[in-house]
Protein chains: 4
Amino acid sequence: MAALFKGTRSLLQRCSHKQVDLTMVCRTMASKTPVGFIGLGNMGTPMAQNLLKSGYPVIATDLFPESGKELQDLGAQILDSPADVADKADRIVTMLPSSPNVIEAYTGPHGILKKIKKGTLLIDSSTIDPSVAKEMAVASEKMGAVYMDAPVSGGVGAASLAKLTFMVGGVEQEFNAAKELLGCMGANVVYCGQVGTGQAAKICNNMLLAIGMIGTAETMNLGIRLGLDPALLTQILNMSSGRCWSSDSYNPVPGVMEGVPSANNYLGGFGTTLMAKDLGLAQSTATSTKTAIPLGSLAHQIYRLMCGRGYANKDFSSVFQFLREEEVQ
Amino acid sequence: MAALFKGTRSLLQRCSHKQVDLTMVCRTMASKTPVGFIGLGNMGTPMAQNLLKSGYPVIATDLFPESGKELQDLGAQILDSPADVADKADRIVTMLPSSPNVIEAYTGPHGILKKIKKGTLLIDSSTIDPSVAKEMAVASEKMGAVYMDAPVSGGVGAASLAKLTFMVGGVEQEFNAAKELLGCMGANVVYCGQVGTGQAAKICNNMLLAIGMIGTAETMNLGIRLGLDPALLTQILNMSSGRCWSSDSYNPVPGVMEGVPSANNYLGGFGTTLMAKDLGLAQSTATSTKTAIPLGSLAHQIYRLMCGRGYANKDFSSVFQFLREEEVQ
Amino acid sequence: MAALFKGTRSLLQRCSHKQVDLTMVCRTMASKTPVGFIGLGNMGTPMAQNLLKSGYPVIATDLFPESGKELQDLGAQILDSPADVADKADRIVTMLPSSPNVIEAYTGPHGILKKIKKGTLLIDSSTIDPSVAKEMAVASEKMGAVYMDAPVSGGVGAASLAKLTFMVGGVEQEFNAAKELLGCMGANVVYCGQVGTGQAAKICNNMLLAIGMIGTAETMNLGIRLGLDPALLTQILNMSSGRCWSSDSYNPVPGVMEGVPSANNYLGGFGTTLMAKDLGLAQSTATSTKTAIPLGSLAHQIYRLMCGRGYANKDFSSVFQFLREEEVQ
Amino acid sequence: MAALFKGTRSLLQRCSHKQVDLTMVCRTMASKTPVGFIGLGNMGTPMAQNLLKSGYPVIATDLFPESGKELQDLGAQILDSPADVADKADRIVTMLPSSPNVIEAYTGPHGILKKIKKGTLLIDSSTIDPSVAKEMAVASEKMGAVYMDAPVSGGVGAASLAKLTFMVGGVEQEFNAAKELLGCMGANVVYCGQVGTGQAAKICNNMLLAIGMIGTAETMNLGIRLGLDPALLTQILNMSSGRCWSSDSYNPVPGVMEGVPSANNYLGGFGTTLMAKDLGLAQSTATSTKTAIPLGSLAHQIYRLMCGRGYANKDFSSVFQFLREEEVQ
């Protein structure tokens with residue numbers, strides 16, 4: 001049995017991209033201990049479902065009991081509080097909106113740490129301030145538990161298809177244990193370094209994403225005003241040094257690309273408010289590390305402005321629309 | 001003969017990437033009329049050499065007579081002024097540093113238009129303000145000549161290897177005639193639209209490039225300060241939505257990538273002064289078209305600042321170094 | 001008679017603030033030669049009226065003939081074109097919206113220079129690019145005329161009350177002659193240096209004004225969100241180092257100050273479009289002189305954005321409203 | 001003795017609110033009880049000296065015992081820790097570099113709250129995050145003490161001359177008690193509102209100050225490049241709408257003004273590092289209140305960049321020098 005686990009783990013290490021193989025391995029295992037899941041929102045619910053699909057019994061909770069209904073129908077056990085979950089599971093995944101929610105779920109009066117068992121593995125997939133992640137790690141360690149931060153890249157669609165990317169920070173020896181679970185919910189599980197570096201990687205990626213998106217929007221807008229066809233300009237950029245994910249995979253100009261939010265009135269996708277939140281985290285970590293981020297900082301201000309002008313719930317590529325409005329004389 | 005040309009042209013249209021085929025076709029042609037070339041700097045010289053290699057007699061000039069020496073040794077005829085070149089050639093390529101040089105070379109007292117012949121094809125590969133390109137087109141048209149703007153993407157290396165990308169603006173019917181020559185000097189020849197759109201495409205690309213580069217530099221710097229390994233962070237960005245040309249092909253962090261300026265103390269490459277110049281053009285066209293380019297504008301300011309602080313002649317990826325300097329207490 | 005003029009001029013030099021004395025002196029003069037006035041918009045009309053009030057016969061024109069009606073009723077002669085005005089007057093004031101209008105009025109087919117007399121004094125009070133002012137000066141000099149740039153600070157109200165400030169660039173020997181006229185239309189006439197420096201001073205002032213206004217708006221907004229009373233915060237800023245004209249004389253927060261646009265739904269005052277135009281000039285001169293203006297540049301972008309979002313015709317202090325909009329969840 | 005009171009009174013007369021009542025209270029007091037003072041740096045030492053001069057026995061401490069030497073020679077009692085001070089004084093002023101120091105001095109193992117007496121008045125003159133001020137207020141209240149935040153405007157010179165401005169946040173009923181002490185150390189004591197609003201006012205002022213200073217530096221630099229004399233431009237700005245404290249009282253251009261850091265190679269004054277710190281606080285409060293501060297944010301980035309490029313210890317007006325460096329070809 002020990003040998004099997006060892007083999008499984010080294011397999012997992014090698015083939016994180018091969019979802020099918022992984023699932024097969026998972027299903028062939030004789031039995032699995034339950035996994036706790038806290039936070040059953042748009043992201044948490046499909047993630048927990050993928051754990052169920054991979055054969056893990058799931059014990060879950062959410063601040064709003066009705067959020068657990070869907071998962072319950074699929075066989076999960078829904079409890080009243082994080083503390084109750086911690087009482088029954090020794091591996092727990094948390095997926096919550098922001099730092100205060102995480103602090104409450106871990107250290108609050110009904111939080112995980114109230115009833116945690118020694119040796120429990122805690123994996124937090126929320127996107128929060130790396131310094132809060134470090135605080136949670138310290139608090140968990142005091143109770144004999146291990147905390148890892150594992151924020152995700154990819155939205156609701158990727159969560160449903162188990163195609164998320166997890167960026168994991170924490171003690172390296174525990175990485176494989178975390179990867180066993182995360183591999184059931186995502187296509188990539190990347191070890192980033194000590195606690196907080198998962199968050200750091202996530203924040204860095206999203207800051208560069210925001211800069212690239214606003215930059216693409218400005219560029220497309222300028223090109224159009226200078227008489228260029230947007231599809232042609234996109235083509236030129238994508239074969240040149242202006243190429244970026246926002247230009248070649250998520251173009252913000254309606255009509256240039258199909259299957260992206262710009263083709264659907266900026267519905268769906270990654271909301272401007274969420275981007276503003278992530279840029280706020282980037283700004284805070286930059287301030288505390290005395291790092292100059294002039295463009296990241298301005299990107300933050302632009303998304304903040306957009307939130308106040310009707311774009312809060314539109315996809316963040318709607319910055320194209322925000323910037324292009326023409327002067328009405 | 002007409003049929004041959006027609007055939008040759010449609011071939012050129014289809015196989016612009018196949019330098020060898022093209023050269024073969026060119027060489028098999030019975031004879032070629034001379035091509036004028038004005039501006040024999042770091043870019044112009046290898047470009048004119050590629051015209052020679054393709055079998056075109058070249059008649060050239062430069063403000064500094066000594067600049068023509070190298071080309072003369074290869075068989076080119078060097079004349080005293082643009083007017084003299086225009087007197088002898090009915091296809092002329094210009095490759096000059098900036099708008100005032102172009103204005104002088106076309107409309108100055110010894111400029112092309114002084115002795116131009118009707119029907120001459122003028123191709124300007126300089127990077128200049130699109131509105132100046134339009135003025136030159138109008139002035140040329142008055143003399144019965146055709147002007148096209150065809151700025152390049154790619155540096156001295158690409159110029160030598162005939163691997164430049166040309167972005168061409170002008171009357172569509174003349175595009176093939178321009179492409180015949182440009183195809184000898186570059187791997188891609190893209191038709192962008194009316195006069196000035198070649199410049200527009202170039203400016204747009206470089207603005208987004210600058211934004212992506214500064215964004216990448218900020219992001220890498222922040223990630224490093226947050227404890228991430230730069231090579232790992234690069235890997236994460238490149239498989240995620242933060243990916244851009246500056247992160248995956250021209251990474252600004254020393255040690256992450258080989259064969260790029262950051263691996264060579266930011267020598268070579270595309271100088272900060274040149275980037276500042278292109279961003280100045282972007283800024284001017286944005287101002288005149290009342291287009292908001294907040295990030296492009298700030299990128300311009302940052303490269304302008306760098307020019308004043310010792311980075312003028314370093315590659316533009318040195319913004320990583322500019323931003324990362326740590327506070328000395 | 002010459003002595004009288006000399007005396008009058010030295011008086012004008014000394015007492016430019018004393019409108020009454022000046023007018024008296026003007027009225028007592030036996031006769032005055034006519035003054036040409038080109039551009040009868042919101043600013044030009046009251047300026048020309050003040051010339052009339054000071055006893056100068058006025059010969060005027062405007063692109064829209066009906067604009068001259070009001071002035072005609074007051075005794076001015078309205079002609080068809082700038083050329084016609086130049087034919088009859090040897091001192092001409094121009095007050096036009098932007099660079100292209102000035103170029104047309106001076107060098108166009110019916111422009112001033114077509115019929116100008118040698119020795120004519122041309123005073124341009126438009127706000128335009130200093131480089132255009134220099135071009136006009138050169139063109140005027142070729143015709144034996146003298147051109148000075150004399151843009152104004154102060155709006156329609158100041159124009160009506162002859163309380164404008166003129167910033168004058170041009171040959172110093174002609175300054176007094178210019179001041180004789182400008183002193184009838186303004187309270188301050190400042191000599192700034194060679195041609196173009198009047199424009200430079202104007203542009204510099206307005207750039208700093210824009211920065212101070214946006215800065216004040218941000219600061220007030222932040223203070224209010226942090227629980228401070230806006231009137232109290234204003235008081236604190238104004239007795240501290242945060243003090244600026246926008247905080248102590250033109251506060252952008254409704255309810256803090258009376259008699260300013262923020263007290264009147266941002267009506268009247270200095271429109272956002274006009275500020276965006278002036279910042280465009282600042283941006284262009286900064287680009288051409290390779291000057292880094294990070295805040296000025298961002299201020300330009302912000303006013304540009306506002307123009308596209310319904311603030312074009314509101315006073316520029318409405319940036320407070322633009323920035324403060326709160327997120328609607 | 002009468003002379004002493006007279007001195008006290010005329011000092012108090014400079015304070016803003018309710019002088020008479022306060023003076024009456026002072027006069028009727030038979031003697032003065034000791035005041036605790038924690039933090040004897042460049043600012044704290046002269047502040048504590050002014051308390052001594054006003055007749056208050058001072059009981060002080062500092063992390064570095066040698067810092068207390070000067071004050072001890074003037075009659076102050078120096079103790080080992082904040083806790084020891086709290087044990088002996090029921091009014092305590094703290095003046096510390098940043099949030100962590102304040103947290104340590106109040107809630108650390110040898111902090112004030114360890115031995116605090118009920119009813120003690122705590123006045124914190126440090127510049128810190130308003131949210132930390134609120135936390136300290138809550139912690140103090142739990143121990144039956146009253147906490148007020150009272151950060152200062154004015155540097156070492158103003159501290160020596162008792163000419164500081166105090167911005168005070170906290171329970172209004174305790175304001176007069178605080179003012180009794182603060183009035184001995186400053187010329188203005190302003191009540192701002194609930195706990196944290198003193199910090200808010202300070203942060204707001206300094207953000208606008210930074211924006212005004214950078215704006216002035218950019219403007220002066222642009223004007224000079226456009227051919228304007230800096231002294232003349234300063235004069236024009238100061239009589240126009242560009243006027244601000246940085247242009248009229250602390251001009252950053254060497255040679256324009258005497259007695260300011262720009263006249264002394266940017267020595268003395270308010271260091272760039274300190275400004276960067278305050279802008280970091282502004283940025284953090286703006287992020288947490290979701291307030292858009294585009295210029296404040298960019299000002300932060302610029303001062304952060306300067307810290308890394310040799311300007312850390314120069315006066316913050318040295319941004320003029322930072323921006324003006326010319327390109328060396």
Side-chain angles (χ1 to χ4, degrees), chain C residues 130 153 165 167 188 190 192-194 196-197 200-201 203-209 211-212 214-216 218-223 225-229 232-233 235-237 239-247 249-250 282 285-286 289-296 298-299 302 323-324 326-327, chain D residues 130 153 165 167 188 190 192-194 196-197 200-201 203-209 211-212 214-216 218-223 225-229 232-233 235-237 239-247 249-250 282 285-286 289-296 298-299 302 323-324 326-327:
Chain C
S153 159
T165 293
M167 289 154 275
N188 293 295
V190 185
C192 296
Q194 59 183 20
T197 54
I203 288 171
C204 283
N205 182 72
N206 280 17
M207 183 173 91
L208 187 49
L209 168 60
I211 293 169
I214 302 176
T216 301
E218 292 181 11
T219 301
M220 294 302 296
N221 196 12
L222 179 60
R225 297 253 174 106
L226 293 175
L228 287 163
D229 173 73
L232 175 68
L233 176 55
Q235 208 181 317
I236 292 171
L237 294 172
M239 68 189 219
S240 311
S241 48
R243 167 177 60 76
C244 62
W245 185 85
S246 297
S247 72
S249 303
Y250 207 85
T285 59
T289 57
K290 299 188 177 177
T291 309
I293 51 160
L295 295 194
L298 183 51
I302 291 169
L323 292 174
R324 84 183 298 229
E326 299 199 26
E327 189 169 335
Chain D
S153 158
T165 293
M167 289 154 275
N188 292 294
V190 185
C192 296
Q194 59 184 18
T197 53
I203 287 171
C204 283
N205 181 72
N206 280 16
M207 183 173 90
L208 188 48
L209 168 60
I211 293 169
I214 301 175
T216 301
E218 291 181 12
T219 300
M220 294 302 296
N221 195 13
L222 179 60
R225 298 252 175 109
L226 293 175
L228 288 163
D229 173 73
L232 175 68
L233 176 55
Q235 210 181 314
I236 292 172
L237 295 172
M239 69 190 220
S240 312
S241 48
R243 167 178 60 77
C244 63
W245 184 86
S246 297
S247 72
S249 304
Y250 207 84
T285 59
T289 56
K290 299 186 176 178
T291 308
I293 51 161
L295 296 193
L298 182 52
I302 291 169
L323 292 174
R324 84 180 299 227
E326 299 198 25
E327 189 170 334

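These numbers come from the heavy atoms of this one structure, side chains and all, not from hydrogens, waters or symmetry mates.
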Residues that Pro294(C) engages under side chain to side chain contact (heavy atoms under 4.5 Å, CB included), provided they are two or more places apart: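 With sequence neighbours excluded, Pro294(C) shows a side chain to side chain contact (heavy atoms under 4.5 Å, CB included) to Gln301(B), Ala292(C), Glu218(D), Leu298(D), Ile302(D), Leu323(D), given in chain and number order.
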
Contacts of Ser249(C) that satisfy side chain to side chain contact (heavy atoms under 4.5 Å, CB included) - sequence neighbours left out: Trp245(C), Arg243(D)

Nearest 0.5 Å, please: how far is [atom2] in [Y] from [atom1] in [X]?
X	Y	atom1	atom2	value
Thr219(D)	Leu228(D)	OG1	CG	11.5 Å
Gln235(D)	Ser240(D)	CD	OG	10.0 Å
Ser247(D)	Asn205(C)	OG	CG	9.0 Å
Leu295(C)	Thr216(D)	CG	OG1	10.0 Å

Largest heavy-atom contact set with chain C, pairs under 4.5 Å, which of [options]:
options	value
Ile211(D), Leu222(D), Thr197(D), Thr289(D)	Leu222(D)
Ser153(D), Gly242(D), Ala201(D), Gly196(D)	Gly242(D)
Ala286(D), Gly223(D), Cys192(D)	Cys192(D)
Thr285(D), Asn221(D), Asp229(D)	Thr285(D)
Cys244(D), Gly212(D), Ser241(D)	Ser241(D)
Leu208(D), Asn206(D), Ile203(D)	Leu208(D)

Measuring heavy-atom distances to chain D, does [X] have an atom under 4.5 Å in its side chain, in its backbone, in both, or in neither?
X	result
Ile293(C)	both
Thr165(C)	side chain
Leu233(C)	side chain

Residue Leu232(D) versus chain C: region with a heavy atom under 4.5 Å: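 The side chain, not the backbone.
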
Under 4.5 Å from any heavy atom of chain C - which part of Met239(D): side chain

